[in-house]
Every structure is written in structure tokens, then in C-alpha cells.
Amino acid sequence: MPEGPEIRRAADRLAAAVAGRTVLRAQFAFARLQRFERELAGSRILSIIPRGKALLTTFDNGWTLYTHNQLYGVWKVALPGQRPDSTRSLRVALDTASAAILLYSASDIELWRSDEIEAHPFLQGLGPDVLDPALDVDAVAARLQSPAFRGRALGALLLDQGFLAGMGNYLRAEVLFDAGLHPASRPRDLDAAQTAKLARALLAIPRHSYATRGIEPTKGMRADYLAHEGERFRFHVFKREGQPCERCGTPIVRIASQSRPLFLCPHCQPGRPSQ
DNA sequence: CTTTAAACCTGCTGGC
DNA sequence: TGCCAGCAGGTTTAAA
């Protein structure tokens, strides 16, 4: 369910609640992890940091908890000892004196030695984080036109975590619409201005989603990540099939790209004739 | 190498 | 109301 912005907001919430705190009790649902309950009890939580859509929770005794929420994992903050939402399967619970952080439903949960975590296969494959403040338009434009990526179709490239970590399916649709590009087009087809426009969208849209703290509620999206007040990140094409494009009035269409739903305006994002 | 399809994990929604 | 199929904001693996 979550893309980079949602994961980063979750990390912010978790860190605000327990970073720097001592773990009074650690609980894991999976038997293969239960030996770490004793290892982590008494340790201090150093940081909770996203890497693309993965989350790393580091402890001062040399362990790092790797978690990936995939489509369904949900992090919650609760009072110490409290376990809300018992209906959902609780996978990880870390209690401190100030708060408990709880991970429900996720299945990708691993403990690594902190000095070895960079060797994690998923982390090794990640490109720069799209929400990294140090990443700028020139760097993204150069990456788009680099030999490894310039021949790839944008529809696939924008989901590839090795290109930019943290991108996901709604961001892909919104970025392509903003840049006025069809998913079948490739970086090598773009001139410098188009490349720059795409690079700007690739940075601006995830950052805006993160800053506005939430996508608008749509059918099937889990409430945990939605904004509850203030300005919202609005979809222009995602899940807007049949609705008029806000720029030209042409109905938004839904296609499949990489076996994932992709929404676009056929007029504002014209496809190329062939190849 | 790139692209595609299927599998996997889990929860929610919609239809019967 | 209950059950089931299909879908989902993701990723990996195998095959083409």
C-alpha cells in the first residue's frame, strides 16, 4: 500500500515516539525471530529510517531491524503495553516507557547485524531515494540519460527501485501526467527540456505528497496513511478513469503497464506511433 | 540486456 | 450475513 512518502511519514511518527528510548520488551510473532526478543530487550533504539520503501530500525547493541510493508503492512504507535487493532495480526511489538510501536500484517521482517545491513539484497539494489533532499534535478536528469536507464520505457523505469527508490504506482501515474509523457516513451526519446521537466516532476511530486501528509481517500486505500487535516495531495489521473482531464477535458483512461494499473490522459500524454 | 507473467504475502471490496 | 474471487499503493523469480 505505501509508497516512499507514506513510508517516510510512518518513519517520522515512529521515530518521534520511540527514538532514543530503551526497549522494555520486544515481541515477534514469527518463531524464527523470537530469539531476538531477549537480544533487543534493554537495548536503546537509535534511529528509524526509511530506505526507499523499506524501514531500518537500529539498536545500540548492534542489531538492525529490517521491515518492508509490501502492500499490507501497517505501523502503529500506541501507549506502552497497549495493543489496539487486535483483529489484525501483530508481527512486531517494541515497548518503551513512552510508547509502543507495533507492526501489523507485514511478512518481510528480518534482523541483521548493523555493520552488515548494507549487504542486504534489497538495499543493495536501490537507487537514490527520491525523497533525499540532497537529490537535485540535474542529478535526476543525468540519471535518466545514463546508459543504464535511457533506453527503458518510462512505465517500467518509474517503478524500478534501482532507478529511484521510493517511487510507486500512484507516483508513477502522477509524474507521467505532470510531465506530459506516455509510459511507452523512453528517456532517449526526450530532448533536454522534456528530460528536465520529467526530472522536476520526479522530485516535486513525491516531495509534495510527503509534505502534504497524505493522499486523498479512495476506495481500497488504507486509512492509516491518509491525511487527516489540511492540504492534501490530490490525484490528477490515478484512479480517475473516465473522469475529464483537468487540463483538456479528455476522459482519463486506465491501461496496464508492468501488470499494474496505470492511468493517463490520452491527449496530454500522447503515445508515440511505434517502437 | 529488457520485458512479461506468475507467484507470493495479506487485507479489503464487491458480487452472489 | 457468509463465502469467494479478484484486486491492491509491492517485490521476486522464472521464462521469453
Side-chain angles (χ1 to χ4, degrees), chain A residues 1-11 29-30 32-33 50-55 66-76 85-92 102-110 120-127 129-131 146-176 183-189 205-206 208-210 212-227 232-241 254-263 275:
Chain A
M1 49 168 62
E3 302 185 17
E6 288 72 42
I7 294 295
R8 187 165 294 255
R9 283 196 299 275
F30 298 144
R32 63 182 165 81
L33 296 174
R51 286 289 190 85
K53 297 165 197 163
L55 212 58
Y66 168 94
T67 55
H68 195 300
N69 282 7
Q70 233 197 23
L71 285 172
Y72 35 80
V74 177
W75 279 104
K76 296 243 171 192
D85 285 324
S86 55
T87 54
R88 280 195 282 216
S89 42
L90 181 60
R91 296 294 161 78
V92 179
L102 311 170
L103 177 59
Y104 291 89
S105 303
S107 57
D108 292 354
I109 303 169
E110 302 167 5
H120 191 289
F122 181 79
L123 301 182
Q124 284 226 309
L126 292 181
D129 197 304
V130 74
L131 290 171
S146 69
F149 301 118
R150 63 193 312 272
R152 304 267 310 275
L154 291 178
L157 190 59
L158 267 53
L159 288 180
D160 186 344
Q161 301 301 294
F163 174 58
L164 288 177
M167 283 291 299
N169 206 36
Y170 83 74
L171 291 171
R172 166 175 79 155
E174 296 300 318
V175 166
L176 287 173
S185 59
R186 297 161 198 270
R188 69 164 178 237
D189 303 327
I205 289 174
H208 186 235
S209 177
Y210 172 64
T212 54
R213 298 166 47 248
I215 54 189
E216 52 192 319
T218 68
K219 214 167 33 178
M221 289 197 165
R222 302 178 75 145
D224 311 79
Y225 292 97
L226 301 182
R232 272 183 185 156
F233 181 87
R234 280 197 331 105
F235 293 135
H236 294 90
V237 289
F238 189 72
K239 290 196 173 172
R240 294 183 82 106
E241 181 183 15
R254 169 183 167 141
I255 66 171
S257 169
Q258 305 302 109
S259 305
R260 313 286 307 281
L262 177 57
F263 302 81
Q275 188 171 16

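Residue numbering restarts at 1 for every chain, and letters A, B, ... go by the order of the sequence lines.
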According to side-chain contact (heavy atoms from CB on, under 4.5 Å), who are the partners of V175(A), at least two apart in sequence or on a separate chain?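 Expected list: L158(A), M167(A), L198(A), A201(A), L202(A), I205(A).
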Is there any salt bridge (charged side-chain N to carboxylate O under 4.0 Å, His left out) pair reaching into residues 158-175 of chain A, and which pairs are they, with sequence neighbours excluded?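 The answer is R152(A)-D160(A).
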For DNA chain C, write out the stems as range with range, using runs of 3 or more consecutive Watson-Crick or G-U pairs with both distances under 3.5 Å.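 Only these stems qualify: B:2-8 with C:10-16, B:10-16 with C:2-8.
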Out of [options], which nucleotide sits closest to the side chain of [X]?
| X | options | value |
| --- | --- | --- |
| R186(A) | dT11(C), dT2(B), dG11(B) | dT2(B) |
| L71(A) | dA8(C), dG11(B), dT11(C) | dA8(C) |
| R254(A) | dT11(C), dA8(C), dA5(B) | dA8(C) |
| Y72(A) | dA8(C), dT11(C), dT10(B) | dT10(B) |
| F122(A) | dT10(B), dA8(C), dT11(C) | dT11(C) |

So which of residues 146-160 of chain A are in contact with DNA chain C, with a heavy-atom cut-off of under 4.0 Å?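 Heavy-atom contacts with DNA chain C come from no residue of residues 146-160 of chain A; none.
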Kindly write out the residues that satisfy salt bridge (charged side-chain N to carboxylate O under 4.0 Å, His left out) with R8(A), not counting sequence neighbours, or none if the list is empty.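 So R8(A) forms a salt bridge (charged side-chain N to carboxylate O under 4.0 Å, His left out) with D129(A).
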With sequence neighbours excluded, residues passing salt bridge (charged side-chain N to carboxylate O under 4.0 Å, His left out) with D108(A):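 So D108(A) forms no salt bridge (charged side-chain N to carboxylate O under 4.0 Å, His left out) with any residue.
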Under 4.0 Å between a side-chain N or O of [X] and OP1 or OP2 of [N]?
| X | N | result |
| --- | --- | --- |
| S107(A) | dT10(B) | no |
| Q258(A) | dT4(B) | yes |
| S89(A) | dG11(B) | yes |

Output field: ring centroids F238(A)/F233(A) closer than 6.0 Å: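 Centroid distance F238(A)-F233(A): not below 6.0 Å, so no.
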If I pick the P atom on dG11(B) and the same atom on dT1(C), what distance separates them, to the nearest angstrom?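 22 Å, rounded to whole Å.
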